[in-house]
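So the structure is just underneath, and the comments pick up after that.
Any value given below was found using the heavy atoms of this structure, including those in side chains, with hydrogens, waters and symmetry copies removed. In the text below, chain A, chain B and the rest are named by the order of the sequence lines, each starting its count at 1.
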Protein chains: 2
Amino acid sequence: MGGTMATNVKEEVLEAARRAAQSRGYAGLNFRELASEVGIKGASIHYHFRTKADLGAAVARRYWETSDATLQEMWERYPDPKEWLRHYPSTFRQSLENGNRICLCSFMSAEHDDLPEPVKAEIQVFAEVNIKWLTKAVSASTGMSEPESERRARSIFAAVSGAQLMARSRADISVFDSLIEEYCHSGLLPG
Amino acid sequence: MGGTMATNVKEEVLEAARRAAQSRGYAGLNFRELASEVGIKGASIHYHFRTKADLGAAVARRYWETSDATLQEMWERYPDPKEWLRHYPSTFRQSLENGNRICLCSFMSAEHDDLPEPVKAEIQVFAEVNIKWLTKAVSASTGMSEPESERRARSIFAAVSGAQLMARSRADISVFDSLIEEYCHSGLLPG
DNA sequence: ACCTGAACACCGTTCAAGT
DNA sequence: ACCTGAACACCGTTCAAGT
């Protein structure tokens with residue numbers, strides 16, 4: 001009878017919204033469709049999330065929190081810093097595996113001009129969390145200076161995002177793998 | 001008098017739609033708004049473009065045709081193949097300069113799942129045209145083998161797209177410049 | 001040939017009402 | 001506490017009808 005066992009409608013909406021937003025963006029989110037997935041009516045979502053902007057911001061916040069946790073786990077799982085960078089692209093690969101979805105941050109970066117401020121803010125945090133993690137990983141595995149590591153971290157983040165986007169446009173995950181391989185080959189990513 | 005002097009409503013719609021799509025995507029295109037920019041009513045656009053899908057496909061086709069012409073000009077303007085690659089990112093930079101817009105292909109790649117087939121097809125051609133051009137530029141300036149050059153060309157296209165997307169999310173063109181610089185520094189782009 | 005009014009289906013949102 | 005039907009103002013899209 002613990003609270004954790006109960007189905008939580010709010011959580012289900014949040015999860016359905018995340019999946020939808022990774023497929024069709026913030027503009028593609030709609031209350032009536034999300035509601036029907038969860039088994040309630042469109043109007044009922046407003047009980048849990050006051051506005052669409054609130055839902056979008058909640059989804060984006062949860063998204064970077066999850067990413068943060070996943071990256072921290074990689075911290076602990078692999079002893080060698082070089083492993084960190086080698087495994088980083090797999091977090092983006094998983095979105096593609098999961099219904100050819102892309103990173104929420106990438107989709108919402110494209111939608112930038114039509115996004116409510118609070119949503120933009122949470123999306124920014126996702127990028128910052130990833131870049132901070134990458135900076136440490138680059139620094140630890142190459143011995144680059146801190147500003148150099150950050151510049152490299154940013155370029156890795158942008159390049160991996162671009163690879164994911166291109167793979168989605170072909171609906172072909174092997175495109176992603178080839179691009180990452182070439183990033184390694186060219187020197188952007190380590191060996 | 002000459003047909004080239006007459007204002008051409010269809011052309012104006014096409015141009016307004018391109019600008020809108022680079023800001024807000026295919027989903028963000030709307031007939032009433034485009035029409036009011038051109039001075040007609042929303043419904044009138046359907047005389048020139050049967051459906052939104054037809055308009056989208058026409059915009060995307062025109063987009064790769066223009067890109068193709070621009071790239072061919074670079075062919076002729078610069079004698080040294082190394083200049084070709086150095087100038088390639090500037091075509092993406094211009095979209096950012098022009099109202100923080102992004103490449104139509106990038107936005108529509110994100111929107112992949114909600115795109116009519118003919119639009120997807122034209123967008124694919126844009127990527128192919130760019131990759132073919134880049135392949136020649138890489139091959140001519142590095143002496144890499146043909147398959148190696150194409151792999152590198154694809155990774156440059158993906159990475160530059162990602163850099164543009166990230167710069168848009170910050171609404172800061174200097175982010176783009178820093179990323180390109182770091183691509184050069186890392187070896188993805190030449191020196 | 002070129003354009004429009006009016007209708008349609010759908011959206012986010014609100015709110016009084018239900019349990 | 002949690003959900004709903006109905007209504008509202010608005011949107012993109014369509015099509016028969018205008019000139």
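Residue Ser44(A) places none of its side-chain N or O atoms closer than 4.0 Å to OP1 or OP2 of dC2(D). Between His46(A) and dT4(D) there is no side-chain N or O to OP1 or OP2 distance below 4.0 Å. In this structure, Tyr47(B) reaches the dC2(C) phosphate: one of its side-chain N or O atoms is under 4.0 Å from OP1 or OP2.
Using Watson-Crick or G-U wobble geometry with both donor-acceptor distances under 3.5 Å, dT19(D) finds its partner in dA1(C). Remark: dT14(C) base-pairs with dA6(D). Criterion, Watson-Crick or G-U wobble with two distances under 3.5 Å.
With rounding to whole Å, Lys41(A) atom NZ is found 14 Å from dC11(C) atom P. The NE2-P distance, from His48(B) to dA1(C), rounds to 12 Å in whole Å. In this structure, Leu55(B) places its CG atom 13 Å from C1' of dT13(D), rounding to the nearest Å. In this entry the distance linking CZ of Phe49(A) with P of dG12(C) reads 14 Å, nearest Å. The interatomic distance linking Asn30(A) (CG) with dA9(C) (C1') rounds to 13 Å, in whole Å. Distance, Asp54(B) CG to dG12(D) P: 18 Å, rounded to whole Å. For Arg32(A) and dA6(D), the CZ to C1' distance is 11 Å, given to the nearest whole Å. For Lys10(B) and dC2(C), the NZ to C1' distance is 13 Å, given to the nearest whole Å.
Residue-to-nucleotide proximity on DNA chain D shows that, of Lys52(B) and Gly42(A), the 5′-proximal contact is made by Gly42(A).
If you check every strand for non-hydrogen atoms under 4.0 Å, Phe31(A) touches sugar and phosphate atoms only. Within the 4.0 angstrom heavy-atom criterion, only backbone atoms of the sugar-phosphate kind lie near Leu29(A); the bases stay farther away.
For the pair Lys10(A) and Tyr47(A), the NZ or CZ position fails the cation-pi test of under 6.0 Å to the six-membered ring centre and within 45 degrees of the ring normal.
Closest contact between the side chain of Thr51(B) and the listed nucleotides dG5(C), dT4(D), dT14(D) involves dT14(D).
Between the side chain of Asp68(A) and the main chain of Trp64(A), no donor-acceptor pair closer than 3.5 Å is present.
Side-chain contact check for Arg168(B) and Gln164(B): no donor-acceptor pair (N or O, by modelled atom type) lies under 3.5 Å.
One distance of note links CG of Asn100(B) with CZ of Phe176(B); it measures 12.0 Å at 0.5 Å rounding.
Taking a 6.0 Å sphere around CD of Glu128(B), one finds it holds more than 12 heavy atoms contributed by other residues, nucleotides or ligands.
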